[in-house]
Amino acid sequence: MPDQPVSVALSLAVSLQKSAADVVRPSSEIAPSRSEPVVYMALVRGTRGYIERVAHQVNGAYANGWYDASAVMLRRLIETLIIECFEAYKIESKIKDSSGNYYFLKDLVDLALSEPSWTLGRNVRSALPKLKEVGDKSAHSRRYNAHREDIDKLLKEVRDTVQELLVLARLK
């Protein structure tokens with residue numbers, strides 16, 4: 001009967017694990033990311049709380065190997081920053097439909113690229129469609145799963161785009 005103490009201990013461990021899951025739960029608020037592998041927090045710090053929280057989610061998802069989640073949150077960050085730009089210039093009506101809803105990201109990117117109120121840099125002009133694409137695939141393609149390398153190859157574009165959009169939005 002030497003296996004009996006091991007099975008009792010294993011059963012107890014399983015029971016404790018189940019009980020702990022009911023008691024020990026994550027905070028209801030977004031936890032700050034422990035690292036900054038995708039979005040430098042110095043870029044978004046002091047802008048808007050919701051922008052900072054989305055950046056933390058981009059970074060936290062990446063750090064945990066949840067690359068689709070990171071790409072989708074990156075897509076959301078870019079979408080938010082484009083909207084912030086139009087709002088800063090008081091031309092948000094250009095990116096809303098007749099019901100007052102903001103357009104989808106494809107249209108937002110196209111309108112941001114052609115907006116005469118500002119000039120986007122060459123790097124950002126080429127980066128926006130790429131950033132949209134990886135986020136779209138992660139959000140909408142059933143058979144696509146992002147890998148670390150999919151995001152890694154866009155890190156320079158992320159940095160340039162986030163900073164430029166924040167400046168255009170007059171948040172930095």
Side-chain angles (χ1 to χ4, degrees), residues 27-33 35-64 66-142 144-146 150-172:
S27 169
S28 64
E29 294 183 31
I30 296 166
S33 52
S35 63
E36 303 174 14
V38 182
V39 178
Y40 303 154
M41 293 309 296
L43 292 175
V44 298
R45 193 172 296 114
T47 58
R48 304 231 192 286
Y50 52 88
I51 292 171
E52 292 180 34
R53 287 187 290 277
V54 170
H56 279 298
Q57 291 180 75
V58 171
N59 289 332
Y62 178 97
N64 281 293
W66 307 330
Y67 304 115
D68 283 315
S70 183
V72 170
M73 293 310 295
L74 182 57
R75 181 187 191 281
R76 179 177 167 192
L77 179 62
I78 298 304
E79 182 176 50
T80 298
L81 293 176
I82 291 172
I83 291 169
E84 293 287 341
C85 291
F86 279 88
E87 289 180 347
Y89 282 78
K90 309 259 187 261
I91 54 173
E92 61 270 19
S93 62
K94 290 184 172 187
I95 58 171
K96 290 182 179 180
D97 64 20
S98 59
S99 299
N101 299 310
Y102 287 108
Y103 294 139
F104 292 114
L105 185 56
K106 178 192 183 321
D107 298 317
L108 292 175
V109 167
D110 291 343
L111 290 165
L113 291 171
S114 65
E115 178 53 46
S117 300
W118 57 70
T119 304
L120 290 171
R122 183 179 315 156
N123 293 341
V124 174
R125 293 181 66 74
S126 67
L128 281 172
K130 293 177 196 174
L131 297 172
K132 178 197 169 300
E133 180 184 15
V134 73
D136 283 355
K137 284 185 197 175
S138 288
H140 303 299
S141 180
R142 292 185 306 141
Y144 177 85
N145 290 114
D150 297 319
I151 296 171
D152 287 352
K153 70 182 179 186
L154 297 171
L155 291 177
K156 183 180 179 337
E157 285 92 343
V158 169
R159 191 247 184 271
D160 292 347
T161 302
V162 169
Q163 183 168 18
E164 188 156 334
L165 293 177
L166 283 168
V167 169
L168 287 173
R170 301 178 180 137
L171 294 172
K172 280 288 187 167

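Since the model is a prediction, treat every value here as computed from it, not as a measurement. Numbers for residues simply follow the sequence, beginning at 1.
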Undergrad: Tell me, please, which residues at least two apart from Tyr103 pass ring pair (Phe, Tyr, Trp, His ring centres under 6.0 Å).
TA: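 So Tyr103 forms no ring pair (Phe, Tyr, Trp, His ring centres under 6.0 Å) with any residue.
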Undergrad: Holding to side-chain hydrogen bond (donor to acceptor under 3.5 Å, both in side chains), I want the full list of residues that pass it with Asn145, two or more places apart in sequence or in another chain.
TA: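 So Asn145 forms a side-chain hydrogen bond (donor to acceptor under 3.5 Å, both in side chains) with Asp68.
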Undergrad: Evaluate His56 against Met41 for side chain to side chain contact (heavy atoms under 4.5 Å, CB included), listing each step before the verdict.
TA: CA-CA 8 Å; His56 279 298; Met41 293 309 296; 3.3 Å; yes
Undergrad: For the OH atom on Tyr40, are there more than 12 heavy atoms of other groups (residues, nucleotides or ligands in this structure) within a distance under 6.0 Å?
TA: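 For Tyr40, atom OH is not crowded (no more than 12 foreign heavy atoms under 6.0 Å).
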Undergrad: Tell me which pairs pass salt bridge (charged side-chain N to carboxylate O under 4.0 Å, His left out) where either residue lies in residues 93-105, with sequence neighbours left out.
TA: Lys94-Glu115
Undergrad: Looking at side-chain heavy atoms only, is the closest gap between Met73 and Leu77 below 4.5 Å?
TA: no
Undergrad: Given side chains that start at C-beta, do those of Thr80 and Val54 come closer than 4.5 Å, heavy atoms only?
TA: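 Answer no - side chains too far apart.
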Undergrad: Please name the pair of heavy atoms, one in Ala146 and one in Tyr144, separated by the smallest distance, quoted to 0.1 Å.
TA: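 Smallest heavy-atom distance, with atoms named: N-CE2, 3.6 Å.
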Undergrad: Please list all pairs meeting ring pair (Phe, Tyr, Trp, His ring centres under 6.0 Å) that have one or both residues in residues 151-172, counting only residues at least two apart or in different chains.
TA: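 Ring pair (Phe, Tyr, Trp, His ring centres under 6.0 Å) check on residues 151-172 returns no pairs.
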Undergrad: Quick one: pull up OH in Tyr62 and CG in Leu155 and give me the separation to the nearest 0.5 Å.
TA: 6.0 Å
Undergrad: Could you state the interatomic distance from NZ (Lys153) to NZ (Lys130), rounded to the nearest 0.5 Å?
TA: 9.0 Å
Undergrad: Within this structure, what is the CD-CG distance for the pair Glu157 and Leu131, rounded to the nearest 0.5 Å?
TA: 6.5 Å
Undergrad: Can you see whether Asp152 engages Tyr67 through a side-chain donor-acceptor pair at a distance of less than 3.5 angstrom?
TA: no
Undergrad: Would a distance-only check, ignoring hydrogens and angles, find a side-chain to backbone donor-acceptor pair under 3.5 Å from Lys172 to Glu164?
TA: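 No, Lys172 side chain to Glu164 backbone: no donor-acceptor pair under 3.5 Å.
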Undergrad: Could you give the side-chain donor-acceptor pairs of residues 82-89 under 3.5 Å, partners two or more places apart or in another chain?
TA:
{"from": "Glu84", "atom 1": "OE1", "to": "Arg48", "atom 2": "NE", "distance (Å)": "3.4"}
{"from": "Glu84", "atom 1": "OE2", "to": "Tyr50", "atom 2": "OH", "distance (Å)": "2.4"}
{"from": "Glu87", "atom 1": "OE2", "to": "Tyr102", "atom 2": "OH", "distance (Å)": "2.5"}

Undergrad: Please report the interatomic distance NZ(Lys156) to OG1(Thr161), rounded to the nearest 0.5 Å.
TA: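 Interatomic distance, Lys156 NZ to Thr161 OG1, rounded to 0.5 Å: 9.0 Å.
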Undergrad: Out of curiosity, Glu36 CD to Leu43 CG, how far, rounded to the nearest 0.5 Å?
TA: 8.5 Å
Undergrad: Name each donor-acceptor pair under 3.5 Å that joins a side chain in residues 118-128 to protein atoms two or more places apart or in another chain, with its distance.
TA:
{"from": "Trp118", "atom 1": "NE1", "to": "Ala112", "atom 2": "O", "distance (Å)": "3.1"}
{"from": "Arg125", "atom 1": "NH1", "to": "Leu113", "atom 2": "O", "distance (Å)": "2.9"}
{"from": "Ser126", "atom 1": "OG", "to": "Asn123", "atom 2": "O", "distance (Å)": "3.1"}

Undergrad: Nearest 0.5 angstrom please: Thr47 OG1 to Leu81 CG, how far?
TA: 8.0 Å
Undergrad: Side chains of Asp107 and Ile95, heavy atoms from C-beta outward: is any pair under 4.5 Å?
TA: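 SC-SC contact between Asp107 and Ile95 ruled out.
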Undergrad: For Ser117 and Ile91, work out which heavy atoms get closest and say how close.
TA: OG-CD1, 3.7 Å
Undergrad: Between Leu166 and Val44, is a side chain to side chain contact (heavy atoms under 4.5 Å, CB included) present by the stated rule, with each step listed?
TA: CA-CA 8 Å; Leu166 283 168; Val44 298; 4.0 Å; yes
Undergrad: Please answer whether the main-chain N or O of Val134 pairs with a side-chain N or O of Ser138 as donor and acceptor at a distance below 3.5 Å.
TA: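 Such a contact is found between Ser138 side chain and Val134 backbone.
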